[in-house]
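Remember, it's 1-based here, ligands and their atoms both numbered in the order they're listed. Excluded from the calculations below are hydrogen atoms, water molecules and symmetry mates; all remaining heavy atoms, backbone and side chain alike, are included.
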Amino acid sequence: MPNPPDQLLWIDNTAVDSHRQQRFETRNPATGALLARVAEADAGDVDAAVRSARAAQVDWAARSGVERGRILAAAAAAVRAHRDELARLECLDGGKPIAETPEADVDSAADCLEYFAGQAASLQGEYQTVDGGFFYTRPEPLGVCGGIGAWNYPLQIAAWKTAPALAAGNAMVFKPAELTPLSALRFAEILAEAGLPPGLFNVVQGAAETGQALTRHADIDKISLTGEVGTGKAVMRDAADTLKAVTMELGGKSPLIVFDDASLDDAVSGALLGNFYTQGEICTNGTRVYVHEAVIDDFIERVVARTRQLRIGDPADPDTDIGALISPAHRDHVLDFIHRGEAQGARRLIGGEAVTVEGCPDGAFVSPAVFRVDDDDCVIAREEIFGPVMTILPFRDETEVIRRANDTPYGLAGGVFTTDLQRAHRVAAAVKAGVIWINHYNLTPIEMPFGGMRQSGIGRENSRHALEHYSQLKSVFVATTGVDAPY
Ligand code: NDP
């Protein structure tokens, strides 16, 4: 088989090699096949990207919101026009089922561009008369923003950071995860085709050091990271030296609470969606499923029966429900959690084994696992695994389950299944998390703010609130009287 072409960096709407011409490989996690050798950016390349972004941002910010929005709308249409191609790329590079990627990845990115295309012209200030005159405020862009992405939703993450940044008049330098570098480059080409001027979306590839070069760069005004809590802390420390603004979209161990009056079929569907979609590699997953003791046996029976029906397979097969984990190392990490959990008393009800898939002998597959856990301190009930591992824990009453749900340093998301209207809203208010779903799980419409509380994050993505994290207010005081100086 011929070698695939090398993938380069993207600076000034041009594919450029890195100064040192170093390469890293990206492979299909389902087959181990080499997908590309990718140019690795060092601090010098990051600097070139930042200089290009800085130069482009001035003119971009001077354009009207309507004009910026028009280009974002064209970009949304262009992403939709490339739906199949982008969906295939996310499937190949990330091991995600092709049954998911057109909607969950590509449509999500296009929706985001479309939404912020509309919002770009909505940025407005305020006006108030005060003693001696009046003032008005001007929402102004931050300048050059750095985006650092995780590997689970590469295109979506790139869009969720870039669309609001551009709408507000900023430029973006984006570093995708080293494991999934491909879609950001294609996204960059598509944005350029749609008319985005050079320099406004630059892509620097590489691992943590490249991310660090972004975070430490003195001429970057803001960093938006999607990644683990530990990475968030390291990035905040690095950002502190230049007092950069930060948005942090970090990990979680979210509770999903099922009361005894819930529609069990819906609750089971929610738990399956909230644990096994994208092989469980989703930050908001409801991996601690608290089920009322009156219905736990019934719930378990239904969850296990429906988990048994899930098809593990080649992600490129449209019938596949569970694709490959991102890498063999991550598979081993997930299996290690499972073994440690069992050693601490977790009862395995189904799954949790390395699986070999026909045609994908080197793939990192793990069968979806369901555990019953009676001790909240069990490692698989406390720590983020980021794989297809559901823990089911019994509870007796509302006060107790809320206390247990909140007994975690995380606060990303949560869910409650109940038909009691008052209880649903009481629980939604009491669970400390940035997003709560009542009688559903993991829906993230672009119109709804998204982000975590506590150690799960800082700031919000999506919705018009995202614009607040990509702009800053300037107050302008205007005197309507003379200056009455006391000296
Ligand atoms: P990591 O934290 O390992 O990496 C995230 C990104 O940060 C990668 O691009 C990584 O580079 C980069 N990076 C790592 N160290 C540094 C550093 N010191 N300075 C700057 N950049 C750095 O996360 P994963 O990619 O493994 O993604 C999984 C995690 O992401 C989970 O915890 C998950 O919950 C979280 N996540 C959160 C979401 C949210 O919206 N709240 C959504 C999706 C995922 P590289 O990997 O190339 O080395």
His330 and His333 aromatic ring geometry - parallel, tilted or perpendicular at 30°/60° bounds: parallel

Under a heavy-atom criterion of less than 4.0 Å, does Leu225 contact ligand 1? yes

Run the numbers for me: atoms of ligand 1, each under 4.0 Å from some heavy atom of Trp151, listed by number. 24 (P), 25 (O), 26 (O), 27 (O)

Do Trp160 and Tyr153 have ring centroids that are under 6.0 Å from one another? no

Would you check if there is a donor-acceptor pair between the side chains of Thr247 and Lys161 at a distance under 3.5 Å? no

Using non-hydrogen atoms of the residue, decide whether Tyr153 is closer than 4.0 angstrom to ligand 1. no

Is it true that Phe187 and Phe201 have ring centroids separated by less than 6.0 Å? yes

Heavy atoms only: which of Gln156, Glu209, Glu178 is nearest to atom 47 (O) of ligand 1? Glu178

Should you measure from each heavy atom of Val235, which atoms of ligand 1 turn up under 4.0 Å away? 19 (N), 20 (C)

Any idea which protein heavy atom is nearest atom 9 (O) of ligand 1, and the distance to it? Gly149 O, 2.6 Å

Carefully, step by step, assess Glu40 and Arg20 under the rule salt bridge (charged side-chain N to carboxylate O under 4.0 Å, His left out). CA-CA 8 Å; Glu40 184 171 357; Arg20 288 183 301 156; 5.2 Å; no

Among the heavy atoms of Gly206, does any lie under 4.0 Å from an atom of ligand 1? yes

Distance filter under 4.0 Å to Glu249 heavy atoms, resulting ligand 1 atoms: 37 (C), 38 (C), 39 (C), 40 (O), 41 (N)

Using a strict 4.0 Å cut-off to heavy atoms of Gly251, name the atoms of ligand 1 that fall inside it. 32 (O), 34 (O)

Asp321 side-chain N/O to Leu310 backbone N/O, donor-acceptor pair under 3.5 Å: no

Atom 32 (O) of ligand 1: which protein heavy atom is closest, and how many Å away? Glu384 OE1, 2.7 Å

Check: of Asn462, Ile282, Thr231, min heavy-atom distance to atom 16 (C) of ligand 1 comes from Thr231

Do you know which two heavy atoms are closest between Val268 and Arg306, and how far apart they sit? CG1-NH1, 3.7 Å

Closest to atom 18 (N) of ligand 1 (judged by heavy-atom distance), picking from Ala239, Ala234, Gly211, Gly252: Ala234

Evaluating non-hydrogen atoms only, which member of Cys283, Gly457, Ser456, Ala207 is closest to atom 38 (C) of ligand 1? Cys283

Which atoms of ligand 1 are found less than 4.0 Å from any heavy atom of Leu412? 41 (N)

Restricting to heavy atoms, the pick from Ala208, Gly452, Pro181, Gly232 nearest atom 17 (C) of ligand 1 would be Ala208

Answer with yes or no after comparing the ring centroid distance for Trp151 and Phe386 against a 6.0 Å cut-off, counting only values under it. yes

Any carboxylate oxygen within less than 4.0 angstrom of a Lys/Arg side-chain nitrogen, looking at Glu25 and Arg27? yes

Nearest-neighbour protein heavy atom for atom 45 (P) of ligand 1, which is reported as residue plus atom name and distance: Lys175 NZ, 3.7 Å

Could an N or O of ligand 1 be found under 3.5 Å from any N or O of Asn152, whether backbone or side chain? no

Which of these, Gly451, Ala150, Gly227, has its nearest heavy atom closest to atom 35 (C) of ligand 1? Gly227

In ligand 1, which numbered atoms sit nearer than 4.0 Å to a non-hydrogen atom of Phe450? 40 (O)

Heavy-atom contacts with Glu228 under 4.0 Å: which atoms of ligand 1 show up? List them by number with element. 1 (P), 2 (O), 23 (O), 26 (O), 29 (C), 30 (O), 31 (C), 32 (O)

Show the nearest heavy-atom pair for residues Pro102 and Ile98, with the distance to one decimal. CD-O, 3.0 Å

